[in-house]
Amino acid sequence: MTKRIPSDTPATPPPASALTQAISCVSDYDPEALQVTHAQAIIRNCISPINAMEKVAIRSALDRVLATDIISPINVPAHDNSAMDGYAFHGEDLRAEGATVLEVIGTAHAGWAYEGTVGNGQAIRIMTGALMPVGLDTVIPQEFVSVIDHASDATSSKAITIAFGAVKAGANRRLAGEDLQVGAAALKKGRILRPADLGLLASLGIAEIPVQRRLRVAFFSTGDELRSVGEVLDPGCVYDSNRYTLYGMLTRLGCDIIDIGVVADDPAALEAAFINAAENADAIITSGGVSVGDADHTRQMMAKLGEVAFWKIGMRPGRPLAFGTINSSGKPAVFFGLPGNPVAVMVSFYFFARDALHHLMGAHPAPLPLMQVSSASAIRKKPGRTEYQRGILSRQTNGEWSVKPTGAQGSGILRSMAEANCMIVLAHNQSDVGIGDQVDVILFDGLI
Ligand code: AMP
Ligand code: MG
């Protein structure tokens, strides 16, 4: 029997989408003038991590995202051992005053348990990493003792003299579990695995590492004026460089990439490219075609395929940005429509897409450090927008670090990115910068 719903039952409104909900959390939301931090918050709130784990061998886990906490199955080190090449003995044998003399009765090598008992008044020569024989708690480095060798007389015995105060009882012994205790969390879920982590995993004897599957990111460039490298550069055309910077940035982020190529400014071609991308990828990144001139036909087409917000962000470079989801295949793909200008693409990628993609792949990297250094030149800056100037950070003769912009900062001047070693971040409310003023910088490269 079917139940009839009384006609006066109020209709339940459709559930608000993640994008609508995230937008409703921003006070004074204005898509035509959105602050960088507000756009970042909306994006972050719309994204849930993919949940797909695979197991890989230790070497293949480099730069991958750890999918579960790693709990140590053993103590590291597994046993008490010597931190030095030297002599091991009972700390209680050290005399309260004057030198201590101990008889040397054998040698302990790394990887071999010392067979035998070492009594009071006795010591053994011990190598770094060798197991401490039972009862011994102290090691004196070999360079701190004087050795009395009776090799020539009948006893052929050896003794060491330890000067008063040369070592404290308990010194130079590594304790079992001092690096990691059995049952302790060695590495946390969401960590992007680095060289030290591979070593740590190996030291725990874990051969297969649970990692998140790689994120699949599809991208294409849009614009009738674009030519791919290798093609003839017709009058009024430019070579497509964004696909290469995007390739580099996505590869560095550890994504599997799907390069869809150059797509003309033609609604049917764009729609086909989006449908193809959404079927195959977790995220789609395009460049070009989101500024005022192009946005109208793109908006209509996007409304058919998913839910996308078009913004003008208070930032330089990179004002236009489209963000949302494409649902055409029934499986939502996160979408970033980046501006077309080559520097704007990179800045928008680093300050919007990078964090979102990390979040989507389940990674929790530490926030990038914002360092404060003095500005070596005056910089003009209007309050009311965030500026990302390309900078060169260098050490002065007085030993202090200072930064200066790379020169012309036009959003099409890719050389300004290539020459820079850092980004100078001038905050929304900041005004002109004078010589010697402190500014925030984010470094491009690190040690690891
Ligand atoms: P748009 O955002 O499409 O209006 O493009 C803004 C500027 O960026 C124009 O001068 C384009 O020619 C340039 N541009 C767009 N896409 C690319 C690309 N893939 N490579 C190099 N320049 C581009
Ligand atoms: Mg264009």
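Start at 1 with the first residue, then count along the sequence.
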Residues in side chain to side chain donor-acceptor pair (under 3.5 Å) with R415, at least two apart? E419

D355 and Q40 side chains, donor-acceptor separation under 3.5 Å: no

Here the pair of heavy atoms bringing V182 nearest to N75 is N-OD1, 3.0 Å

For A264 and D224, the nearest pair of non-hydrogen atoms, with its separation, is CB-OD1, 3.4 Å

Exercise: do T386 and Q430 side chains pair donor with acceptor under 3.5 Å: no

Are any of the side-chain heavy atoms of L200 and L180 separated by less than 4.5 Å? yes

Taken to the nearest 0.5 Å, the spacing of I140 CD1 from E143 CD works out to 9.0 Å

Any idea which heavy atoms bring K382 and E387 closest together, and the distance? N-OE2, 4.2 Å

Here the ring pair (Phe, Tyr, Trp, His ring centres under 6.0 Å) pairs for residues 219-241, sequence neighbours left out, are F220-F274

Tell me whether Y247 at atom OH has more than 12 heavy atoms from other residues, nucleotides or ligands lying less than 6.0 Å away. no

Residues in ring pair (Phe, Tyr, Trp, His ring centres under 6.0 Å) with F352, at least two apart? none

R227 side chain near L233 side chain, heavy-atom distance below 4.5 Å: yes

Min side-chain heavy-atom separation D256-V217 under 4.5 Å: no

Answer yes when D80 and R173 have at least one side-chain N-carboxylate O distance shorter than 4.0 Å, and no when they do not. yes

Drop me the distance from I209's CD1 to L198's CG, to the nearest 0.5 angstrom. 8.0 Å

Who pairs with D240 by side chain to side chain donor-acceptor pair (under 3.5 Å), at least two apart in sequence or on another chain? S221, R243

Residue pair M302 / F310, side-chain heavy-atom distance below 4.5 Å: yes

The ring pair (Phe, Tyr, Trp, His ring centres under 6.0 Å) partners of F336 (sequence neighbours excluded) come to F323

Assess the residue pair I285 and L250 against the criterion (side chain to side chain contact (heavy atoms under 4.5 Å, CB included)); give the C-alpha distance rounded to whole Å, side-chain angles, the decisive distance to 0.1 Å, and a yes or no. CA-CA 10 Å; I285 298 185; L250 288 165; 4.1 Å; yes

On a heavy-atom basis, which atom in A356 and which in I47 lie closest, and how many Å separate them? CB-CD1, 3.4 Å

So do E400 and S374 actually touch side chain to side chain, heavy atoms under 4.5 Å? no

Where at least one partner belongs to residues 407-430, residue pairs that pass ring pair (Phe, Tyr, Trp, His ring centres under 6.0 Å), sequence neighbours excluded: none

For L321 and V290, what are the C-alpha separation, side-chain angles and deciding distance, and is it a side chain to side chain contact (heavy atoms under 4.5 Å, CB included)? CA-CA 7 Å; L321 183 77; V290 285; over 6 Å; no

Applying side-chain contact (heavy atoms from CB on, under 4.5 Å), can you list everything that pairs with K188, at least two apart in sequence or on another chain? D69, A185

Exactly one of V403, I442, V373 should register a side-chain contact (heavy atoms from CB on, under 4.5 Å) with C422. Which one does? V403

R316 and Q409 side chains, donor-acceptor separation under 3.5 Å: no

Once you round to the nearest 0.5 Å, how far does NE2 of H359 lie from CG of N45? 8.0 Å

List the steps and the verdict of side chain to side chain contact (heavy atoms under 4.5 Å, CB included) for V347 and V343. CA-CA 6 Å; V347 168; V343 183; 4.2 Å; yes

Scan side-chain atoms only and decide if T325 and E307 contain a donor-acceptor pair under the 3.5 Å cut-off. no

Under the ring pair (Phe, Tyr, Trp, His ring centres under 6.0 Å) test, residues paired with F351 that sit two or more places apart: Y388

Heavy-atom neighbours of Q396 CD exceed 12 at 6.0 Å: yes

Tell me which pairs pass side chain to side chain donor-acceptor pair (under 3.5 Å) where either residue lies in residues 204-213, with sequence neighbours left out. R213-D282

E54 bridged to R214 by N-O distance under 4.0 Å: no

Spatial distance of atom CZ (R319) from atom CZ (R385) [nearest 0.5 Å]: 9.0 Å

Considering only residues two or more places apart or on different chains, which pairs with a residue in residues 41-87 satisfy ring pair (Phe, Tyr, Trp, His ring centres under 6.0 Å)? none

What are the two closest non-hydrogen atoms of N429 and P383, and how far apart are they? O-CB, 3.7 Å

Residues passing the side-chain contact (heavy atoms from CB on, under 4.5 Å) test with N280, sequence neighbours excluded, are I258, N276

Whether the R125 and T107 side chains hold a donor-acceptor pair (N or O, under 3.5 Å, no angle test) is what I'd like checked. no

Taking only residues at least two apart or on different chains, which pairs with a member in residues 24-34 satisfy salt bridge (Lys or Arg N to Asp or Glu O under 4.0 Å)? E32-K312

Euclidean distance, I424 CD1 relative to I379 CD1, rounded to 0.5 Å: 4.5 Å

Can you find a pair of side-chain heavy atoms, one from P73 and one from I206, that are under 4.5 Å apart? yes

Determine the minimum heavy-atom distance between V139 and A88, stating which atoms define it. CG2-CB, 4.1 Å

Taking side chain as C-beta onward, heavy atoms only, is R194 less than 4.5 Å from D197? yes

Point-to-point distance, once rounded to the nearest 0.5 Å, from CD1 of I260 to CD1 of I284: 7.0 Å

V439/Q372 under side chain to side chain contact (heavy atoms under 4.5 Å, CB included): CA gap, chis, key distance, verdict: CA-CA 5 Å; V439 286; Q372 288 222 312; over 6 Å; no

